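Working notes for the structure below.
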Amino acid sequence: MSIKYFDHIAANPLLPEVLDAMMPYFKEQYGNPMSMYDLGMNAKQAIETAREQVARLINAKPSEIIFTSSAAESNNFALKGMALARQEIGRHIIISKAEHHSVLNTARSLEKQGFVATYVPVDKYGMVDPDAVKKSITKETTVISVIHASSEVGTIEPIKEIAAIAKAHKIAFHTDAVATAGNIPVDVKDLGVDAMSLTAHQFYGPKGAAAMYLKTGQRILPLIYGGIQEGGRRAGTENVPAIVGMGKAAELAEAGLSGRMAHVRQLRDRLTEGILKIPKVHATGHPEQRLPGLASFVVEYIEGEGMLLLLLAKGIYAASGSACTSKALKASPVLVSMGVPTSMAHGSIVFSLGIGNTQEGVDSCIEEFPLIVKRLRDMSPFAKEGWGAMEAEGGNKEGA
Amino acid sequence: MSIKYFDHIAANPLLPEVLDAMMPYFKEQYGNPMSMYDLGMNAKQAIETAREQVARLINAKPSEIIFTSSAAESNNFALKGMALARQEIGRHIIISKAEHHSVLNTARSLEKQGFVATYVPVDKYGMVDPDAVKKSITKETTVISVIHASSEVGTIEPIKEIAAIAKAHKIAFHTDAVATAGNIPVDVKDLGVDAMSLTAHQFYGPKGAAAMYLKTGQRILPLIYGGIQEGGRRAGTENVPAIVGMGKAAELAEAGLSGRMAHVRQLRDRLTEGILKIPKVHATGHPEQRLPGLASFVVEYIEGEGMLLLLLAKGIYAASGSACTSKALKASPVLVSMGVPTSMAHGSIVFSLGIGNTQEGVDSCIEEFPLIVKRLRDMSPFAKEGWGAMEAEGGNKEGA
Amino acid sequence: MYSAKLMDHFTNPRNVGEIADADGVGMEGNPTCGDAMKLFIKVQDNVITEAKFQTFGCGAAIAVSSMITEMAKGKTLEEALAITKESVADALDGMPPQKMHCSNLGADALRKAIEDYRSRRA
Amino acid sequence: MYSAKLMDHFTNPRNVGEIADADGVGMEGNPTCGDAMKLFIKVQDNVITEAKFQTFGCGAAIAVSSMITEMAKGKTLEEALAITKESVADALDGMPPQKMHCSNLGADALRKAIEDYRSRRA
Ligand SMILES: Cc1ncc(COP(=O)(O)O)c(C=O)c1O
Ligand SMILES: Cc1ncc(COP(=O)(O)O)c(C=O)c1O
């Protein structure tokens, strides 16, 4: 059975060219980039090449790229580092309700330190209203962070508008571009952002390499103090092979971007069309302003984990924002803040497409998925009479 | 010309077995450890195996190991996370003057947040006096951190004694075991520490993988907030291949420890004996309580960078704690706090031996080094008349 | 994550469906929680002769439903009431701890079905 | 890090040593800073006929010393005084920025040697 991997949002296979580029740095080129001799200088040079490659992907200057170990680190670094560097000015930050945990929980940790955080809601498409951001601004606001695109519902946020509002109020603006950088055109100058997080494993680069874009002149406090690596802004011996891999992956992503986008968009449209033929299945996220490779739905009356397990039995890999499938056992906060009822949020299913997917794979998914939905609905107490079924008969509304 | 690499403290070549163990996780096993399907569970399983391997190396429980991206991150995490988790109790921390920048600068950043830090001095051997630590303790003290062994002068600190003092005062105790874990026996239970930092690249594992030991029950705040990876204590998609590599390297280090130690100790003793034959060369660090693979000296009347460059011309790689060789342009703070005059600290030279070194390599170093010293001394204004030479003739004491 | 036995009961669930003329019906959970189960029994001479279920929930919830209907059949009501979350989990060769809490509704639904049966006869 | 020319002047430094009967001696830096240079000149008819140095310092400091003694020789005192840190660095095909600041003492030492020569004659 061939694998149909539709979970590129969770992890991506490494491109062979990327691994090839990394290999010398696992072997003969083992020097520490801080060392003054050839072994060290070669490693240093390799990092600087990667910095240029990553900078080019998002139209930044190489000096504006800081390598980190993960997007979670970049998000913590950006939010906390910029907020702490500005605490003389004020202690209010704004984030959206569509943020990843690594932004959300950083905001919460800042609240514990005495900061005030505003969580701007999203509409039914998962879209943040720039006006709502504007209205949340106070004299104390120093940092705003809004995700570039949600990896759960695919909605691309109006970053340019929000960044302009932040700029007009002299507020630092960060965006989590994990789902977009390397997958759609991302231009920090055009977007007008002050900081941005991105990670290699979202564009066929290695795990363990990520970056933060920090606009020249923007103040920040380090998250990791120590030596003078990364211009003193992020200490720790550089993960040379992973950084080299990120650079190579960025170069390939930039060169192949339009082709990759066309490929996944065509597959996604085909998949979406096929899946929406099933009754009581709803697409989530914005219909147009969305990631080209992401198809996301809620399926009424059944739960996500069951779908995933039966899909897997057919060699199909997908994801779900249901509580049971998240190891934290909480339904996707994005779906909830979009106003999707919790009962329906449990029926979340997310297919994220990648360059290795084929039409045959998609067609096999379109063929299998309705059977799986039917099978689970045949077991469901709600399928025949709707969500009210158990209440009507006096079911325990509060549950166990 | 064959390479004689004596800078294992800066970077280590990766063992081929370690790279082999990592490779599947760069290729077919690309899943995200958080995913519920086989690809994810295999990755998760691989991480848990690595956790057991690392735990065994230091006699910890697997649940006490938290993977991080670097020792710098572990040090920041330990010091800041434990201090912030205890700030209701007090805001005083103690570190030694032999700490790495990643501990030192974290302490300084805590000072900026209103903490008070005490920096306990070292003696002429670089040794911390447990009694001095004890005397620094106040009712406000919550965290003490002392390096296990200095990677610059090799001195192994009396961690067991200091940990006992901390314990008696109910103070959390952390040690930076970067230079020791995987290189000499390290037993967290025997040492009695609450937290410990270690990194893979110090025992022939990959860059980008490090760990923190945190004793069961010890409170800490995360440095990186986000998802529930590492038990919610360190967010971010796990760097699976690097973690697997760290596990494998730990397993090999544990199995080969006594053989490796005997090998480097014998070479170090031979090298030390050879080098100390040169007049006006002094060994630094403690003569017995020291890392088996580290030989460190100050050479009077000449400067470290020149020695390194001329050694390199002979294929010999070493390090120096001189200001000119550090990219931060500061002389080794450890040497300075040991009371070595700055002029002499500039003549620092450090050879760190590894499993790949040979007696021939060491002999060639013993042969070349005296010639290099002579050559540089022949150019030095101090070699004939000593350090006073320029003063006597009215040289500018303050310099440019 | 799941045992082979649990996966078998999930992928080939026994006793799925309704019993139109059930003697007792028990419901537990609700869709907001992510797990909801409806359990139907037929009872003859104090013995459960038939059991069926409808379940909304994750793989574990479905497997628990399948297993408990199998376990209930042929048992006296008193024996059936002695079935616990733990005995169901054991019968499935174990269950991930986080699922014990939220998806193991079978014993409660069965108890409610028996109570329903008894209250109808009272 | 270093240019080929700088490395050449470091590994094969010109004019190393003392001039016992120097007409002028200039000293700059000190060992605490990590760079110290002693520059000796012989002067005839206002022209530097010979120049030698002794230097404690990094590779750049030694190369600068070597280069400036070469540059000084044959120049009139006025021409020699016009030599700057920048012109020495240029003659070495450039120097890392952090070394410009701390290891480029040659021009200052030369100036002091010339001042010493002039003060002896005054
Ligand atoms: C004693 C000690 N601690 C911590 C570190 C930091 O390690 P890394 O740069 O790998 O994060 C080093 C690095 O050389 C070290 O020598
Ligand atoms: C939008 C977004 N931001 C941040 C992250 C964190 O990335 P990582 O886990 O690689 O650190 C993720 C991970 O899935 C994400 O989807």
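Just so it is clear: chains get the letters A, B, ... in the order the sequence lines come, proteins before strands, and each one is counted from 1. Owing to the predicted nature of the structure, the values given are computational and were not obtained by experimental measurement.
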Legend entry - Region of B/A10 that comes under 4.5 Å of a non-hydrogen atom in chain A: both

Legend entry - Under 4.5 Å from a heavy atom of chain B, the part of A/E238 involved: backbone

Inset, instruction - Measure the spacing between CD of A/Q113 and CG of B/L221 and express it to the nearest 0.5 Å. - result: 8.5 Å

Inset, instruction - Examine whether an atom of A/A318 lies under 4.5 Å from a heavy atom of chain B, and if so say whether it belongs to the side chain, the backbone or both; otherwise answer neither. - result: backbone

Inset, instruction - Keeping the roles fixed (side chain from B/N76, backbone from A/Y225), state whether a donor-acceptor pair exists under 3.5 Å. - result: yes

Legend entry - Side chain, backbone, both or neither of B/N75 within contact of chain A (heavy atoms, under 4.5 Å): neither

Legend entry - Aromatic ring pairing A/F26/B/F26, orientation class (parallel under 30°, perpendicular over 60°, tilted between): tilted

Inset, instruction - Output the option from A/G236, A/S70, A/S109, A/A43 having the highest count of non-hydrogen pairs under 4.5 Å with chain B. - result: A/S109

Legend entry - B/H101 vs A/I228 side-chain heavy atoms within contact, under 4.5 Å: no

Legend entry - Most contacts with chain A, counted as non-hydrogen pairs under 4.5 angstrom, among B/L84, B/V240, B/D38: B/D38

Inset, instruction - Would you mind checking which part of A/R234 comes under 4.5 Å of any heavy atom in chain B, side chain (CB onward), backbone (N, CA, C, O), both or neither? - result: side chain

Legend entry - chain B contact via A/L104 - side chain, backbone, both or neither, heavy atoms under 4.5 Å: neither

Inset, instruction - With a 4.5 angstrom heavy-atom cut-off, could you sort out which part of B/K27 is near chain A: side chain, backbone, both or neither? - result: side chain

Legend entry - Spacing of A/M36 atom CE and B/L312 atom CG [to the nearest 0.5 Å]: 5.5 Å

Inset, instruction - Go through the atoms of A/F77 and report whether side chain, backbone, both or neither lie under 4.5 Å from a heavy atom of chain B. - result: neither

Inset, instruction - Kindly indicate, with the supporting measurements, whether the criterion side-chain contact (heavy atoms from CB on, under 4.5 Å) is fulfilled by A/T237 and B/T199. - result: CA-CA 10 Å; A/T237 296; B/T199 187; over 6 Å; no

Legend entry - Exam field: side chain A/K80 to backbone B/I224, donor-acceptor pair closer than 3.5 Å: no

Inset, instruction - Could you tell me which portion of B/S102 (side chain, backbone, both or neither) has an atom closer than 4.5 angstrom to a non-hydrogen atom of chain A? - result: both

Legend entry - Leading residue by heavy atom contact count with chain B [cutoff under 4.5 Å; candidates A/L223, A/T106, A/V18, A/T68]: A/L223

Legend entry - Donor-acceptor contact below 3.5 Å, side chain B/K207 vs main chain A/A242: no

Inset, instruction - Report yes if some heavy atom in the side chain of B/L39 is under 4.5 Å from a heavy atom in the side chain of A/D7; otherwise report no. - result: no

Legend entry - Partner chain A: residue of B/A72, B/S69, B/P13, B/A209 with the largest heavy-atom pair count (under 4.5 Å): B/P13

